[in-house]
Amino acid sequence: MHIPLSWTYTQTLAAENDTHISEFLLLGISQEPVFQPLIYVIFLSMYLTTVLGNLLIILATSSDPRLHTPMYFFLCNLSLVDICFTSTTIPKMLVNIQTQRKAISYEGCITQIFFYVLFISLDDFLLTIMAYDRFVAICHPLHYTVIMNPRLCGRMVLGCWVLSLLNSCMEASVSLRLSFCPDVEIPHFFCELNQLIKLACSDTFLNNLVMYCLSVLEGWVPLLGIIYSYSKIISSILGMSSTQGRYKAFSTCASHLSVVSLFYVTGLGVYLSSAVSERAYPSAVASVLYMVVTPMLNPFIYSLRNKDIQRALRTFFVQGTEKR
């Protein structure tokens, strides 16, 4: 059989380009050397604040028996997930700045994608069941302890983990089938899935299909659940005759509603910046708000207006001082 020379050349060229990539280069937020120390200090400060703030929420809710309720159980899990979420990307970024290296291994990149998708999905699902918890507390207060029993709460959190693990396994597995060209520069400070797909030389139809389908599962479905819960909550609050009762009911939802708004607004910013602009810089800046600023602000939002958390923190520090 005669094989055309042009076909042979094309296949050879594709084989040369379709090489196994051992590492990628993370270009970060800015490539200017003069800005690297400032970026390092800012991100290190935000990361330490995030870890410390969320850790204090976990310690406060765990140490005070009065906070062993479904709402604070979910909040404790949310704080743990936020610590893990920021720890997926920020430490590697700080190490790269300190060592003046931009490389991340192929295995490290896929691992980063796996845990990034895992914890962002967990964040989303936990915020949804927290909205359901507030819905039951305000709309069905007499049946709250029966409905939101410890077994159901544990199963709901377990369900969040299972769905998130399936989601991240799916994204990571389809990413493994990608082949990459020699140009392996990722214009981001972590292995962002969309940027990784853009670098692929192989067919990316399946990756885009999976990414968009799972984004509906982890984005729009939980959002619709939150909107439904709060529509019922608002309707129930407006039906209360007591002004004090309305204020108390609204105050129990204010912190969660603030966190949900911050989470989805910054997430929408990431989506719009990557869809509207061809440049990666706006998406990287929006991702900072989404991945670093939001988890850092969550403990402040929940503690500033929450007297129970403030009391638990004071008790925790007083006990720690007395032991010394």
task: Check whether any side-chain N or O of H68 sits under 3.5 Å from a backbone N or O of S62 as a donor-acceptor pair, and report yes or no.
output: yes

query: Within the side chain of R246, is there an N or O that forms a donor-acceptor pair under 3.5 Å with the backbone of M240?
result: yes

query: F114: what forms a ring-ring contact (aromatic ring centres under 6.0 Å, His included) with it, not counting sequence neighbours?
result: none

- request: Could you tell me whether the side chain of L56 reaches within less than 4.5 Å of the side chain of L313, counting heavy atoms only?
  value: yes

query: Is the closest side-chain heavy-atom distance between L196 and E192 below 4.5 Å?
result: no

field: Any D82 side-chain heavy atom under 4.5 Å of T86 side chain
entry: no

query: According to a 4.5 Å side-chain heavy-atom criterion applied to Ile, Leu, Val, Met, Phe, Trp and Tyr, with indirect links allowed, do W220 and Y132 form part of one hydrophobic cluster?
result: yes

field: Donor-acceptor contact present, side-chain Q36 to main-chain E32, <3.5 Å
entry: yes

message: Applying the side chain to side chain contact (heavy atoms under 4.5 Å, CB included) criterion to Y302, which one of L297, L75, N54 satisfies it?
response: L75

query: Does the side chain of D308 pick up a donor-acceptor pair with the side chain of Y72 at under 3.5 Å?
result: yes

query: Should V184 and L26 be regarded as members of a common hydrophobic cluster, given that ILVMFWY residues are connected when their side-chain heavy atoms come within less than 4.5 Å of each other, either directly or indirectly?
result: yes

- prompt: Does atom CZ of R101 have more than 12 heavy-atom neighbours from other groups under 6.0 Å away?
  reply: no

query: Counting distance only, does the side-chain N/O of E171 pair as donor-acceptor with the main-chain N or O of I113 below 3.5 Å?
result: no

query: Between the main-chain N or O of M170 and the side-chain N or O of S173, is there a donor-acceptor pair closer than 3.5 Å?
result: yes

query: Can you get from V95 to F43 by hopping between Ile, Leu, Val, Met, Phe, Trp and Tyr side chains that sit under 4.5 Å apart?
result: no

- prompt: Would you say S251's side chain and K248's backbone share a donor-acceptor pair under 3.5 angstrom?
  reply: yes

message: I need the full list of side chain to side chain donor-acceptor pair (under 3.5 Å) pairs touching residues 149-167, with sequence neighbours left out, sorted by first then second residue.
response: S121-N167, N167-E218

message: Using the disulfide (SG to SG under 2.5 Å) criterion, which residues pair with C191? Sequence neighbours excluded.
response: C109

- request: Mark yes or no for whether T50, through its side chain, and M46, through its backbone, hold a donor-acceptor pair below 3.5 Å.
  value: yes

query: Of all residues at least two apart in sequence or in a different chain, which pass the ring-ring contact (aromatic ring centres under 6.0 Å, His included) check with F24?
result: F180

- prompt: According to a 4.5 Å side-chain heavy-atom criterion applied to Ile, Leu, Val, Met, Phe, Trp and Tyr, with indirect links allowed, do L44 and L289 form part of one hydrophobic cluster?
  reply: yes

message: Tell me if a side-chain donor or acceptor on T204 pairs with a main-chain N or O of N207 at a distance below 3.5 Å.
response: no

message: Applying disulfide bond (SG atoms under 2.5 Å apart) as the test, list every pair that has at least one member in residues 212-256; sequence neighbours left out.
response: none

- request: Give a yes or no answer on whether the side chain of H256 reaches the backbone of M130 with a donor-acceptor pair at less than 3.5 Å.
  value: no

- request: With the side chain counted from C-beta on, respond yes when F205 and L209 share a heavy-atom pair under 4.5 Å apart, and no when they do not.
  value: yes

- request: Return the set of residues passing ring-ring contact (aromatic ring centres under 6.0 Å, His included) with F74 (not counting sequence neighbours), or none when no residue passes.
  value: none

query: Do you reckon F85 sits in the same ILVMFWY cluster as L166, going by side-chain contacts under 4.5 Å, direct or chained?
result: no

- request: May I ask you to decide if C84's main-chain N or O and T88's side chain share a donor-acceptor pair within less than 3.5 Å?
  value: yes

query: Can the ring centroids of F263 and Y290 be said to lie less than 6.0 angstrom from one another?
result: yes

field: Test applied, side chain to side chain contact (heavy atoms under 4.5 Å, CB included); reference residue, F125; option that passes from V157, L163, V221
entry: L163

